[in-house]
Trainee: 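Take a look at the following structure, please.
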Amino acid sequence: MSARLLKKFLKEQELQQQQHHVEDEEEAAESPDSENRPAINPFDLLNDDDVDQEDEPEIADEMVVGKDHTQELSVMRSMTGAISTSNQKSKKKKKKKKKCKAGLTSITNKVEEPLDDTLDALSLDANSSRHKLGPTKTKPETSTLCAGFVKQCAPPALQLDPKCLNPENELRRIFGSKVVKSFEKSNQDSSSRQVRGGRRGAHHTRKTILVSPSEHWPRWDGSLSMEFLETKDGYHHFRYVHSSYYDQAQRAFEAAKAIQDLNGIASILLYHPYHLDSLITMADYFKFVGEHQMSADAIAKSLYALECAWHPTFTPLQANCQLKINHETNKPMFTTLFTHMKNLDRRGCHRSALEVCKLLLSLDLDDPMGAMFCVDYFALRAEVYAWLEWFSEDYKSDNSLWLFPNFSYSLAICRFYLEREEPSKNDDTSATKSSSADLMKQALMLHPSVLKKLVAKVPLKDQAWTNILKHAFFQSEKTVSASLDHLINIYVERSYIIWRLPDLQKLLRNSALQVIETLEHSSSDAKDWACVRKEAFSSENNEYGHLLVSDFSDTVPTLPPENLQNFMVDPRMREAEQNGGQIANPLDGGPAPHDVANRNALAVLFESMLPWVNYGGRGDEGGNEENQVDGHEQDND
């Protein structure tokens with residue numbers, strides 16, 4: 001392109017820009033003929049007096065104004081009046097401001113209209129200032145449905161509080177945050193010394209509800225999972241599922257357990273750190289040797305693994321999920337929760353232990369672990385008396401828990417403390433609920449054999465108790481039902497420590513004296529309560545024989561070092577041995593001899609190095625014979 005053509009093109013471009021600029025100024029200029037202005041001012045919409053206008057007239061006005069405004073612009077373009085530059089600039093600014101305001105008002109009006117319609121449809125803005133509607137009529141069906149929904153969504157007695165599940169919160173409330181922080185710091189220092197020199201994995205532990213995972217724990221390996229089974233009677237049923245990786249560890253555990261190889265079980269945890277049965281076994285071993293912190297740590301790891309495997313829809317805090325123990329893979333959940341509950345009780349965290357006990361009850365309504373027979377104890381120790389009364393009335397909606405020996409006595413204690421907390425409301429509650437003295441008298445009439453066992457267990461050494469126990473009504477220690485005797489033994493073993501308080505001893509003593517006085521006037525009351533007791537516990541067999549009394553005891557079981565090999569046997573056999581019972585065993589207190597026939601010689605060699613393995617060989621018999629010979633020689637001498 002030549003220079004001339006380029007200059008010509010640039011000049012034409014400048015002329016076009018100038019023409020556009022002049023046209024813009026003409027549009028902004030005012031017409032000198034004020035009489036020809038449109039009848040409707042386009043800026044009348046900004047007046048405050050026109051706020052209450054209807055939406056439809058406003059839209060129509062805007063359409064008329066738009067047409068008149070286009071006519072006005074066409075007239076202004078045809079005009080050729082001389083206007084000063086200063087007036088043009090000032091009027092141009094005013095014009096822009098007014099246009100912006102008019103645009104904003106039209107936009108807000110258009111936006112508010114569908115918003116108001118939506119609010120009216122949802123009945124959220126029935127009494128709005130813009131739309132003054134008449135009073136809305138509520139249908140009776142709607143109120144009935146709302147009432148039913150509220151009743152359905154009422155929190156059940158077994159619903160959990162996640163804050164109370166954390167024992168650290170309870171320890172802070174008891175001892176103060178400074179003491180707990182210093183204790184946690186010391187534990188962190190000790191754990192850091194344990195992992196010093198090893199590989200420091202840069203991984204973050206998952207945040208869980210049941211336990212607080214430690215930083216030095218291994219990463220979750222995902223060897224467990226949970227599957228949804230069905231929804232039945234409003235409860236969602238689940239089951240744990242083992243992976244092939246976990247099944248491999250389970251087979252190794254069964255092989256080590258068959259020969260009572262504790263070292264083999266410990267080696268499984270090196271490669272499978274979250275194998276549940278191995279962790280539970282090691283927790284029992286640490287408990288017997290007195291290493292309670294290591295035992296609690298193994299149980300916490302088990303709970304961490306079980307919670308990491310939860311299904312996304314598994315919500316145990318809402319008490320609407322079921323893990324039936326008849327599924328073999330669900331059993332470790334109940335075992336670890338029960339042991340964790342006892343560990344929390346040993347630490348003094350009774351409120352947290354109560355939440356775990358409620359979780360045990362909610363996971364299986366059949367109560368395979370006997371959580372029903374210690375929930376009252378934890379409620380009394382945690383001082384949640386109102387909840388215990390509510391639970392006894394709300395659970396299963398049959399109001400029959402007072403027939404159990406633990407609830408019959410615990411509800412009397414609960415009412416005793418509630419009367420002390422709310423003395424001003426005693427007049428109101430006396431019309432609907434019985435007093436603590438009446439409840440205690442009722443408990444003694446229903447389960448009189450509890451008194452003699454409590455006096456011996458607490459112990460109560462006052463002379464007044466000796467005189468009370470001389471009465472024929474309190475002399476018997478056993479009832480007709482084996483189930484009831486077992487439950488009474490569990491209650492006395494679990495809750496005897498509560499009766500060491502002087503106020504409760506006074507309540508029990510006064511109620512026992514009232515029972516004796518009542519029986520002297522009418523002996524038929526004893527027969528009536530015996531009929532109630534027989535009807536409530538009519539089974540001749542012990543329905544609760546699967547619950548061990550030792551599991552509800554505060555005492556920590558220990559075994560001497562020479563009998564540590566017995567900790568892997570059935571607890572019922574161990575309990576029978578401690579009680580002096582005879583166990584079918586050819587050796588004196590030792591395990592059965594291992595058979596070495598048709599076995600690998602190398603395996604037998606390594607097995608013989610274990611301290612608890614005994615083959616019952618001829619060497620032992622020879623040694624016994626030598627001792628007998630030496631004994632005869634000494635006698636002859």
Side-chain angles (χ1 to χ4, degrees), residues 155-162 164-165 208-211 224-242 276-277 280 299 302-345 352-379 387-388 391-392 394-398 400-401 404 406-407 483 486-487 490 494 539 542-549 551-552 571:
L158 293 178
Q159 189 171 359
L160 305 181
D161 186 359
C164 295
L165 277 173
T208 54
I209 302 174
L210 298 178
V211 293
L224 277 175
S225 61
M226 181 182 284
E227 66 175 356
F228 171 75
L229 297 178
E230 61 177 351
T231 300
K232 186 177 180 181
D233 299 332
Y235 291 96
H236 309 296
H237 292 255
F238 296 87
R239 178 181 62 185
Y240 279 101
V241 179
H242 295 168
L276 299 178
D277 289 337
I280 294 172
I299 292 297
S302 301
L303 287 176
Y304 176 71
L306 289 166
E307 185 173 350
C308 288
W310 282 358
H311 194 271
T313 58
F314 183 72
T315 55
L317 300 182
Q318 304 300 325
N320 59 354
C321 299
Q322 289 286 289
L323 277 175
K324 290 297 182 180
I325 201 172
N326 53 8
H327 298 289
E328 191 69 25
T329 54
N330 292 342
K331 290 182 179 180
M333 182 69 171
F334 293 90
T335 305
T336 52
L337 280 176
F338 193 83
T339 308
H340 182 58
M341 177 184 67
K342 294 197 296 183
N343 292 338
L344 292 174
D345 177 45
S352 301
L354 174 63
E355 294 300 313
V356 177
C357 188
K358 289 160 60 178
L359 179 59
L360 272 173
L361 278 173
S362 64
L363 288 180
D364 194 342
L365 298 180
D366 296 332
D367 191 20
M369 304 302 295
M372 181 66 67
F373 307 114
C374 57
V375 64
D376 59 305
Y377 167 77
F378 293 124
W387 177 87
L388 183 58
F391 173 76
S392 63
D394 181 74
Y395 186 70
K396 292 187 177 180
S397 301
D398 55 1
S400 62
L401 292 181
F404 291 107
N406 58 320
F407 274 94
S483 299
H486 193 69
L487 293 181
I490 289 177
R494 173 71 280 178
S539 177
N542 187 2
E543 298 177 350
Y544 306 97
H546 61 283
L547 303 177
L548 299 180
V549 179
D551 289 339
F552 297 86

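Computed over heavy atoms, backbone and side chain alike; hydrogens, waters and symmetry mates excluded.
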Trainee: Would you find a donor on one side and an acceptor on the other, under 3.5 Å apart, between the side chain of Ser362 and the backbone of Ala319?
Mentor: no
Trainee: Any chance the side chains of Thr313 and His311 put a donor and an acceptor closer than 3.5 Å?
Mentor: yes
Trainee: Given Arg494 and Asp376, is the salt bridge (charged side-chain N to carboxylate O under 4.0 Å, His left out) satisfied, shown in steps?
Mentor: CA-CA 10 Å; Arg494 173 71 280 178; Asp376 59 305; over 6 Å; no
Trainee: Which class fits the ring pair His236 and Phe228: parallel under 30°, tilted 30 to 60°, perpendicular over 60°?
Mentor: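 Rings of His236 and Phe228: tilted, 30 to 60°.
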Trainee: For the residue pair Ala305 and Leu224, what are the closest heavy atoms and their distance?
Mentor: O-CD1, 4.4 Å
Trainee: Can you measure from CH2 (Trp310) to CG (Leu210) and round to the nearest 0.5 angstrom?
Mentor: 4.5 Å
Trainee: Applying side chain to side chain contact (heavy atoms under 4.5 Å, CB included), run through Val211 and His340 and close with a yes or a no.
Mentor: CA-CA 10 Å; Val211 293; His340 182 58; 4.1 Å; yes
Trainee: For residues Tyr235 and Cys321, report the shortest heavy-atom separation together with the two atoms involved.
Mentor: CD2-N, 4.3 Å
Trainee: Find out whether Leu229 and Lys324 are in side-chain contact, i.e. whether some heavy atom of one side chain is under 4.5 Å from a heavy atom of the other.
Mentor: no
Trainee: Got a donor-acceptor contact below 3.5 angstrom from the Asn406 side chain to the Met372 backbone?
Mentor: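 Checking the backbone N and O of Met372 against the side chain of Asn406, a donor-acceptor pair under 3.5 Å is found.
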Trainee: Where does the angle between the aromatic ring planes of Phe404 and Tyr544 fall among parallel (under 30°), tilted (30 to 60°) and perpendicular (over 60°)?
Mentor: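 Perpendicular.
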Trainee: On a heavy-atom basis, which atom in Leu360 and which in Ala371 lie closest, and how many Å separate them?
Mentor: CB-CB, 4.0 Å
Trainee: Rounded at 0.5 Å granularity, tell me how far CZ in Phe373 sits from NE2 in His486.
Mentor: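 If I round to the nearest 0.5 Å, the distance is 9.0 Å.
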Trainee: Once rounded to the nearest 0.5 Å, what's the spacing between atom CG of Leu401 and atom CG of Asp394?
Mentor: 10.0 Å
Trainee: So, for Cys374 and Met341, which heavy atoms are closest and what is the spacing to 0.1 Å?
Mentor: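 Heavy atoms only, the tightest pair is SG-CE, 3.8 Å.
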Trainee: Quick check: do Val241 and Thr329 have side-chain heavy atoms less than 4.5 Å from each other?
Mentor: no
Trainee: For a 4.5 angstrom cut-off between non-hydrogen side-chain atoms, does Leu303 reach Glu307?
Mentor: no
Trainee: Hey, what do you get for CE (Met369) to CG (Asp364), rounding to the nearest 0.5 Å?
Mentor: 11.0 Å
Trainee: Kindly compute the distance separating CG (Leu306) from OG1 (Thr208), expressed to the nearest 0.5 Å.
Mentor: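 Answer for the CG-OG1 pair, Leu306 versus Thr208, is 11.0 Å.
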Trainee: Apply side chain to side chain contact (heavy atoms under 4.5 Å, CB included) to the pair Asn330 and Leu363, showing each step before the final yes or no.
Mentor: CA-CA 10 Å; Asn330 292 342; Leu363 288 180; over 6 Å; no
Trainee: Can you name the closest pair of heavy atoms from Cys164 and Glu355 and give their distance?
Mentor: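 That would be CB-CG, 3.5 Å.
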Trainee: For Ser483 and Glu543, indicate whether the former's side chain and the latter's backbone hold a donor-acceptor pair under 3.5 Å.
Mentor: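 Judged by distance alone, yes, a pair lies under 3.5 Å.
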Trainee: If we ignore hydrogens and angles and just use 3.5 Å, is the side chain of Lys358 paired with the main-chain N or O of Gln159 as donor and acceptor?
Mentor: yes
Trainee: Write down the atom of Phe378, the atom of Cys357, and the distance for their closest heavy-atom approach.
Mentor: CD1-CB, 4.2 Å
Trainee: So Thr339 and Ile280, side chain to side chain contact (heavy atoms under 4.5 Å, CB included) or not? Walk me through it.
Mentor: CA-CA 9 Å; Thr339 308; Ile280 294 172; over 6 Å; no
Trainee: Counting only heavy atoms not in Glu328, do more than 12 fall under 6.0 Å of its CD?
Mentor: no
Trainee: Before you tell me yes or no, could you show the steps for Val375 and Phe407 under side chain to side chain contact (heavy atoms under 4.5 Å, CB included), namely the whole-Å CA-CA distance, both residues' side-chain angles and the distance that decides it to 0.1 Å?
Mentor: CA-CA 9 Å; Val375 64; Phe407 274 94; 3.7 Å; yes
Trainee: So Phe338 and Val356, do their side chains get closer than 4.5 Å, heavy atoms only?
Mentor: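 They are not in contact (no side-chain heavy atoms under 4.5 Å apart), so the answer is no.
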Trainee: When rounded to the nearest 0.5 angstrom, what is the spacing between CZ in Phe334 and CG in Leu359?
Mentor: 9.0 Å
Trainee: Looking at Trp387 and Ala157, would you say the former's side chain and the latter's main chain have a donor-acceptor pair under 3.5 Å?
Mentor: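 Such a contact is found between Trp387 side chain and Ala157 backbone.
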